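Reviewing the structure listed below.
No experiment lies behind these values; they were computed from the predicted model shown. The figures that follow rest on heavy atoms only: side chains count, while hydrogens, waters and symmetry mates do not. Atoms within each ligand, like the ligands themselves, are counted from 1 in listed order.
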Amino acid sequence: MHHGQGIRLQFNEVATRDGFQMECDFIETDDKVALLDALGGLGFAKIEVTSFTSLKAIPALKDAEAVMQRIRRAPGVVYTALVPNVRGAERALESATDEFNLVMSVSATHNLANLRMTQAQSLSQLQDVIALATQRGVPVNVSLSCVFGCPMEGEIAAEAVLGWVARFASLGVHGITLCDTTGMAYPNQVQALCEAAQARFPRLEFTAHFHNTRGMGLVNAVAAVQAGIRRFDTSLGGIGGCPYAPGATGNVATEDMVHLFDCMGYDTGMDLPGLLGAAATLRQLLKHDLPAQVSQAGPRLTRHAPPADFADIRRRALAR
Ligand code: COA
Ligand code: ZN
C-alpha cells in the first residue's frame, strides 16, 4: 500500500475565483476580503484571489482590483489571479498581483465559448501577456482547460495537450495547471497524462485541478499524487465551475482533499480545523449548502455519543 510519509503537498485555494464566478448573488467586497484574510493563515502555498476578466463575462468578480488591493498578504503565500488578456494583465499589475494565471482551453470549442477567441488568437494574446510579465518580473502559470475531455468535443488527445504544454514551455512559463474542467477525468488517464507531462517537461511545475462533477475528484487526486504531482487547486466547500462549460459543477473541496491526504500520511501543512471553520463561514455567506463532505460529517475520528438509552441497552444485553 502506497503511503505518503513525509511527502509534502502544496495547496492552491480557488474558491474566491473558480467558486465565486459561479455564484448567482454578488458577494460583497468586504466579505470576499474577510474570507481571503482568514484563508491566508491556513497553510496554502497559493491563493487564486480573483480574475481580471471582462466585467460582462464574469460580473461576480467585477471588484477584482478592490479585492486584490485590500487583502492582507500573509507571508509566504503567493497571491495569484486569473488573467485572460493584456488588458487583464495591466489591471493585475496595478493591483500588485504576485503571479499571473493565464487561461486557455485545449478544446477549440470550449476556448471559443469561454474566451471568445480562437486558440490561435488566445495564444497570440497570451504571448503578449507573457512578454509583459517577463519584462515586469511576474511569474506566469498557464491553466489549460479540458485536458481530460471537453463537454462539447468529447475526448481530447493527450498528444494535443502535450503540444500546448510545449508551446507554453518554450515561451518560458514556470508552471502549467492541468484542468479537468467538467469532471471527465478517470484515474488511469490522470496517471498517464501526469507521468507523460512530467517526463517530457521536468523543469515545469505542474498543478492538477479536478472538478467533482462525477464523484471522481478525490480518486483522480490520488492517481495524480501517485504519478508524482505535488500541487493541487482545491476550492473551500467544493464550490466552483466554469460558467461557459455546459454541466460544470464544483471543484474538489479543499477540506475533503486535505482530510484525505492527512489520513494517508502526506505532509499537507494545512490547518484542517481552521478550514472547517472557514467553510462554515462560507456557507453562511452563500446562504446555501456546500458540496464538501468532511465539513458535514467531520474528520474520520469525530466521535458521536451512543444512543440515549445506551445504559439500558447494555443492561438488557448483559442480563440475557
Ligand atoms: N478586463 C476588463 N474588461 C475587459 C477585459 C479585461 N481583461 N478584456 C476585455 N474587456 C472589455 C473590453 O474593454 C470591452 O468593453 P466594452 O464593451 O465596454 O468596450 C468588452 O470587455 C469586450 O471586449 P473584447 O475584447 O471584445 O472581449 P470579448 O467580449 O471578446 O471577451 C474576454 C474576451 C477574454 C475578455 C472575455 O471573454 C473574458 O473575460 N472571459 C473570461 C472567461 C472566464 O474567466 N471564464 C471562467 C474561467 S475558466
Ligand atoms: Zn475549474
(request) Before signing off on this row, confirm whether Tyr244 and ligand 1 have an N or O atom pair separated by under 3.5 Å. (result) no

(request) Establish, from distance only, whether the side-chain atoms of Thr254 and Thr234 form a donor-acceptor pair under 3.5 Å. (result) yes

(message) On a heavy-atom basis, which atom in Pro246 and which in Pro151 lie closest, and how many Å separate them?
(response) O-CB, 3.7 Å

(message) My understanding is that we take every heavy atom of each candidate and find the minimum distance to atom 42 (C) of ligand 1. Doing that for Asn114, Val86, Asn111, which one comes out nearest?
(response) Asn114

(message) Less than 4.0 Å from atom 25 (O) of ligand 1, is there any heavy atom belonging to the protein?
(response) no

(request) Can you sort out which atoms of ligand 1 are near Ile58, meaning under 4.0 Å from one of its heavy atoms? (result) 43 (C), 44 (O), 45 (N)

(message) Any N/O/S atom from His209 (main chain or side chain) under 2.8 Å of the Zn ion (ligand 2)?
(response) yes

(request) Can you confirm whether something in the protein, heavy atoms only, sits under 4.0 Å from atom 6 (C) of ligand 1? (result) yes

(request) Tell me which one of His110, Arg87, Lys56 gets a heavy atom nearest to atom 10 (N) of ligand 1. (result) Arg87

(request) For Gln21, counting its heavy atoms only, list the atoms of ligand 1 lying under 4.0 Å from any of them. (result) 46 (C), 47 (C)

(request) Please report which non-hydrogen protein atom sits nearest to atom 33 (C) of ligand 1, along with the residue it belongs to and the distance in Å to one decimal place. (result) Leu115 O, 3.5 Å

(message) If only side-chain N and O atoms count, and only distance matters, is there a donor-acceptor pair under 3.5 Å linking Asp63 with Thr29?
(response) yes

(request) Of all the heavy-atom pairs spanning Gln10 and Ala45, show the shortest one and how long it is. (result) OE1-CB, 3.2 Å

(message) Tell me whether Arg214 forms a cation-pi arrangement with Tyr186, defined as NZ or CZ under 6.0 Å from the six-membered ring centre and within 45 degrees of its axis.
(response) no

(message) Between Thr268 and Asp262, is there a side-chain donor-acceptor contact under 3.5 Å, judged purely by atom types and distance?
(response) yes

(request) Pull out every atom of ligand 1 sitting under 4.0 Å from any heavy atom of Arg17, numbered as shown with elements. (result) 47 (C)

(request) Taking Gln21 for its side chain and Gly240 for its backbone only, find out whether a donor-acceptor pair lies under 3.5 Å. (result) no

(message) Return the closest protein heavy atom for atom 41 (C) of ligand 1 as residue, atom name and distance.
(response) Thr53 CG2, 3.4 Å

(message) Polar contacts were defined as any N/O atom of the residue lying under 3.5 Å from an N/O atom of the ligand; does this apply to Pro84 and ligand 1?
(response) no

(message) Quick check: of its N, O or S atoms, which one does Asp18 have closest to the Zn ion (ligand 2)?
(response) OD2

(request) Consider only side-chain N and O atoms of Thr80 and Asn101, and report whether a donor and an acceptor are under 3.5 Å apart. (result) no

(message) Need the ligand 1 atom indices (1-based, order shown) with element for anything under 4.0 Å from a heavy-atom of Phe52.
(response) 1 (N), 6 (C), 7 (N)

(message) Quick check: closest heavy atoms across Pro84 and Val103, and the distance to 0.1 Å?
(response) CA-CG1, 4.4 Å

(request) Would you tell me whether His259 and Gln293 have side-chain atoms, one donor and one acceptor, within less than 3.5 Å of each other? (result) no

(message) Test of understanding: given a 4.0 Å heavy-atom threshold, classify the contact between Gln121 and ligand 1 as side chain, backbone, both, or neither.
(response) neither

(message) One thing to verify: whether Lys287 and Asp25 come together as a salt bridge, which I'm taking to mean a side-chain N less than 4.0 angstrom from a carboxylate O.
(response) no

(request) Mind checking whether Ser54 contacts ligand 1 via backbone (N, CA, C, O), side chain (CB onward), both or neither, at a 4.0 Å heavy-atom cut-off? (result) both

(request) Among all protein heavy atoms, pick the one closest to atom 29 (O) of ligand 1 and tell me residue, atom and distance. (result) Arg116 CD, 4.1 Å

(message) Yes or no, since that's all I need: does a protein heavy atom fall within a distance strictly under 4.0 Å of atom 47 (C) of ligand 1?
(response) yes

(request) Assess Cys242: does it contribute an N, O or S atom lying under 2.8 Å from the Zn ion (ligand 2)? (result) no

(message) Suppose we measure from atom 9 (C) of ligand 1 to each protein heavy atom; which comes out shortest, and what is that distance?
(response) Asn85 ND2, 3.8 Å

(message) Could you check whether Arg70 pairs with Asp30 (Lys NZ or Arg NE/NH1/NH2 to Asp/Glu carboxylate O, under 4.0 Å)?
(response) yes

(request) For Gly88, counting its heavy atoms only, list the atoms of ligand 1 lying under 4.0 Å from any of them. (result) 7 (N)

(message) Could you measure the distance from the CG atom of Leu162 to the CG atom of Leu178? Nearest 0.5 Å is fine.
(response) 8.5 Å

(request) For atom 1 (N) of ligand 1, decide whether some protein heavy-atom distance is shorter than 4.0 Å. (result) yes

(request) Could you find the nearest protein heavy atom to atom 38 (C) of ligand 1 and give me its residue, atom name and distance? (result) Ala57 CB, 3.5 Å

(message) Rounded at 0.5 Å granularity, tell me how far CD in Glu90 sits from CG in Asn85.
(response) 9.0 Å

(message) Within this structure, what is the CD-CG distance for the pair Glu13 and Leu39, rounded to the nearest 0.5 Å?
(response) 5.5 Å

(request) Ignoring hydrogens, tell whether any protein atom lies closer than 4.0 Å to atom 21 (O) of ligand 1; use the non-hydrogen atoms only. (result) yes

(message) Is there a polar contact between ligand 1 and Ser145, counting only N or O atoms under 3.5 Å apart?
(response) no

